[in-house]
Asks: 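Just passing along the structure, written as structure tokens.
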Amino acid sequence: MIPWVELDSAEAPGGKERLRLKQRGTEFSIMLGANELMNSRLSGSEEALATLTQERLADVARPSILIGGLGMGFTLRAALAVSPKDARIDVVELVPSVVRWARGPMAELHAGSLDDPRVTIVESDVAKIIARANAAYDAILLDVDNGPKGLTVEANDALYSHRGLAAARAALKPNGILAVWSQGPDARFAARLRQSGFEVEEMRVRASRSKRGARHIIWLAKTPA
């Protein structure tokens with residue numbers, strides 16, 4: 001068995017734990033304390049976040065997309081694969097080290113996606129970017145923390161509150177899509193989406209590309225026309 005090697009660490013937002021980047025052969029893992037936040041072998045649901053959204057944007061010319069959370073880049077790469085050449089994709093990442101890892105140890109995994117001309121990388125809090133956007137995006141894709149039931153930063157909860165959802169709705173164009181990834185179901189969050197004026201689909205998707213293993217949740221919430 002090839003042992004895990006810790007390549008780097010960074011202070012996590014909130015300062016209670018450190019993010020640790022680990023590698024074992026060609027496999028990468030990002031840990032928060034003893035909790036694994038993401039693994040390079042499990043990309044299926046993050047990819048589905050992008051592909052399911054793009055299916056609902058198929059008739060949109062020059063789509064403008066916001067991705068909250070770079071992570072290991074699965075959502076970004078999937079979005080680039082299915083988006084037109086004139087799309088604009090803003091990727092907002094709170095932790096600068098995650099961007100640095102994407103350009104360094106995990107550069108092969110990211111496969112040049114950060115340098116695609118359609119992509120702008122923004123090192124900031126996605127909630128701040130959403131709050132100052134006004135009908136700017138056709139889609140907002142949130143893969144922040146573990147979903148509405150946050151693990152890393154309590155402040156992330158604000159993204160999924162009534163106020164946060166109202167801000168997301170204001171940042172979207174008519175018929176815009178708010179797509180939210182979650183490790184598991186959350187009936188209260190689904191109710192908040194509907195209470196915030198969205199039409200909601202809830203999808204269960206595999207964590208990996210195989211037909212086995214855990215399933216994650218993706219909510220696809222549409223704004224009125």
Side-chain angles (χ1 to χ4, degrees), residues 45-71 73-94 113-145 147-148 155-182 186 188-203 205 216-225:
S45 59
E46 286 86 352
E47 292 167 351
L49 183 67
T51 56
L52 290 170
T53 299
Q54 182 55 36
E55 287 174 5
R56 288 149 182 81
L57 297 179
D59 296 328
V60 176
R62 303 185 65 184
S64 179
I65 299 166
L66 172 64
I67 297 176
L70 173 61
F74 300 128
T75 300
L76 172 59
R77 293 199 303 282
L80 288 170
V82 296
S83 295
K85 294 182 179 180
D86 57 0
R88 177 172 67 89
I89 303 176
D90 296 338
V91 182
V92 183
E93 173 55 52
L94 181 60
S113 57
L114 277 67
D115 299 317
D116 189 288
R118 292 170 288 180
V119 174
T120 300
I121 302 295
V122 182
E123 295 181 10
S124 183
D125 183 342
V126 68
K128 293 180 180 179
I129 303 299
I130 291 172
R132 61 175 182 248
N134 182 21
Y137 293 102
D138 294 292
I140 296 174
L141 286 62
L142 294 180
D143 183 4
V144 176
D145 213 326
N156 287 336
D157 295 344
L159 273 174
Y160 307 110
S161 67
H162 282 103
R163 180 177 294 183
L165 294 176
R169 179 173 168 176
L172 286 165
K173 299 176 184 180
N175 290 319
I177 301 293
L178 172 64
V180 179
W181 179 96
S182 178
D186 188 330
R188 291 183 178 181
F189 176 67
R192 286 200 299 276
L193 282 169
R194 294 184 177 94
Q195 291 161 5
S196 299
F198 290 98
E199 299 174 12
V200 181
E201 297 176 79
E202 182 173 307
M203 315 286 287
V205 297
H216 295 155
I217 301 295
I218 293 174
W219 289 282
L220 297 157
K222 185 178 179 181
T223 62

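Sequential numbering from 1 along the given sequence is applied to the chain's residues.
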Asks: Could you tell me which non-hydrogen atom of Leu57 sits nearest to which non-hydrogen atom of Ala139, and how far apart they are?
Replies: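 Here Leu57 and Ala139 meet closest at CD1-CB, 3.7 Å.
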Asks: What's the shortest heavy-atom distance between Ala78 and Ala50, and which atoms?
Replies: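 Nearest heavy atoms, Ala78 then Ala50: CB-CB, 3.8 Å.
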Asks: Donor-acceptor pair, Thr223 side chain versus Gly176 backbone, under 3.5 Å?
Replies: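 Yes, Thr223 side chain to Gly176 backbone: donor-acceptor pair under 3.5 Å.
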Asks: I'd like to know whether Ile129 forms a side chain to side chain contact (heavy atoms under 4.5 Å, CB included) with Tyr137, so could you lay out the CA-CA distance, the side-chain angles of the two residues, the decisive distance to 0.1 Å, and finally the verdict.
Replies: CA-CA 11 Å; Ile129 303 299; Tyr137 293 102; 4.2 Å; yes
Asks: Is there a donor in the side chain of Ser45 and an acceptor in the side chain of Trp181, or the other way round, less than 3.5 Å apart?
Replies: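 Side chains of Ser45 and Trp181: pair found under 3.5 Å.
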Asks: Determine the minimum heavy-atom distance between Val119 and Ser113, stating which atoms define it.
Replies: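 Residues Val119 and Ser113, closest heavy atoms: CG2-O, 3.6 Å.
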Asks: Rounded at 0.5 Å granularity, tell me how far CD in Glu202 sits from CG in Leu193.
Replies: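 CG of Leu193 is found 9.5 Å from CD of Glu202.
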Asks: What's the separation between atom CZ in Arg194 and atom CZ in Phe189, rounded to the nearest 0.5 Å?
Replies: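 Spacing of CZ (Arg194) from CZ (Phe189) equals 10.5 Å.
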Asks: Could you walk me through whether Leu172 and Ile177 pass the side chain to side chain contact (heavy atoms under 4.5 Å, CB included) check?
Replies: CA-CA 7 Å; Leu172 286 165; Ile177 301 293; 5.8 Å; no
Asks: Output, in order, the C-alpha distance, side-chain angles, deciding distance and verdict of side chain to side chain contact (heavy atoms under 4.5 Å, CB included) for Ile89 and Ser83.
Replies: CA-CA 9 Å; Ile89 303 176; Ser83 295; 4.3 Å; yes
Asks: Looking at Gln54 and Pro84, what are the two nearest heavy atoms and their distance?
Replies: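 Taking Gln54 first and Pro84 second, the nearest heavy atoms are NE2-CD, 4.2 Å.
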Asks: Passes side chain to side chain contact (heavy atoms under 4.5 Å, CB included), Val126 versus Val144? Steps please.
Replies: CA-CA 9 Å; Val126 68; Val144 176; 4.2 Å; yes
Asks: Could you tell me the separation between the CD1 atom of Ile217 and the CG atom of Leu49, rounded to the nearest 0.5 Å?
Replies: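 Reported to 0.5 Å precision, the distance equals 12.5 Å.
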Asks: If the threshold is 4.0 Å, N to carboxylate O, is there a salt bridge linking Lys222 and Glu201?
Replies: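 Answer for the salt bridge query: no.
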Asks: As an exercise, state the distance from CD of Glu55 to CG of Leu52, rounded to the nearest 0.5 Å.
Replies: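 Interatomic distance, Glu55 CD to Leu52 CG, rounded to 0.5 Å: 5.5 Å.
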Asks: Pairs of donor and acceptor atoms involving the side chains of residues 58-71, under 3.5 Å and at least two apart or interchain, shall be tabulated with distances.
Replies:
| unit_1 | atom_1 | unit_2 | atom_2 | d |
| --- | --- | --- | --- | --- |
| Ser64 | OG | Arg88 | NH2 | 2.6 |
| Ser64 | OG | Ala136 | O | 3.3 |

Asks: Quick check: closest heavy atoms across Ile140 and Ala171, and the distance to 0.1 Å?
Replies: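 Heavy atoms of Ile140 and Ala171 come nearest at CD1-CB, 3.9 Å.
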Asks: Just checking Asn134: does its CG atom have more than 12 heavy atoms from other residues, nucleotides or ligands closer to it than 6.0 angstrom?
Replies: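 No, CG of Asn134 has 12 or fewer neighbouring heavy atoms, counting only those of other groups under 6.0 Å.
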Asks: Would the distance check show the side chain of Ser196 and the main-chain N or O of Ala166 forming a donor-acceptor pair, the cut-off being under 3.5 Å?
Replies: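 Answer holds: no.
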Asks: State, with a plain yes or no, whether a side-chain heavy atom of Ser182 is found less than 4.5 Å away from one of Ile218.
Replies: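 No - every pair of side-chain heavy atoms lies 4.5 Å or more apart.
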Asks: Within the side chain of Arg192, is there an N or O that forms a donor-acceptor pair under 3.5 Å with the backbone of Ser161?
Replies: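 Answer holds: no.
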Asks: Roughly how far, to the nearest 0.5 Å, is CZ of Arg169 from CD1 of Ile130?
Replies: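 Reported value, rounded in 0.5 Å steps: 15.0 Å.
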Asks: Would you give the length of the straight line joining atom CD of Glu93 to atom CG of Leu114, rounded to the nearest 0.5 angstrom?
Replies: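 Atom-to-atom, Glu93:CD and Leu114:CG are 10.0 Å apart.
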Asks: Just checking, is any N or O donor in the side chain of Asp186 or Tyr160 under 3.5 Å from an acceptor N or O on the other one?
Replies: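 Absent: no donor and acceptor within the cut-off.
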Asks: If you define the side chain from C-beta out and look only at heavy atoms, does anything of Glu47 sit under 4.5 Å from Thr75?
Replies: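 In short, these two side chains do not touch, never coming nearer than 4.5 Å.
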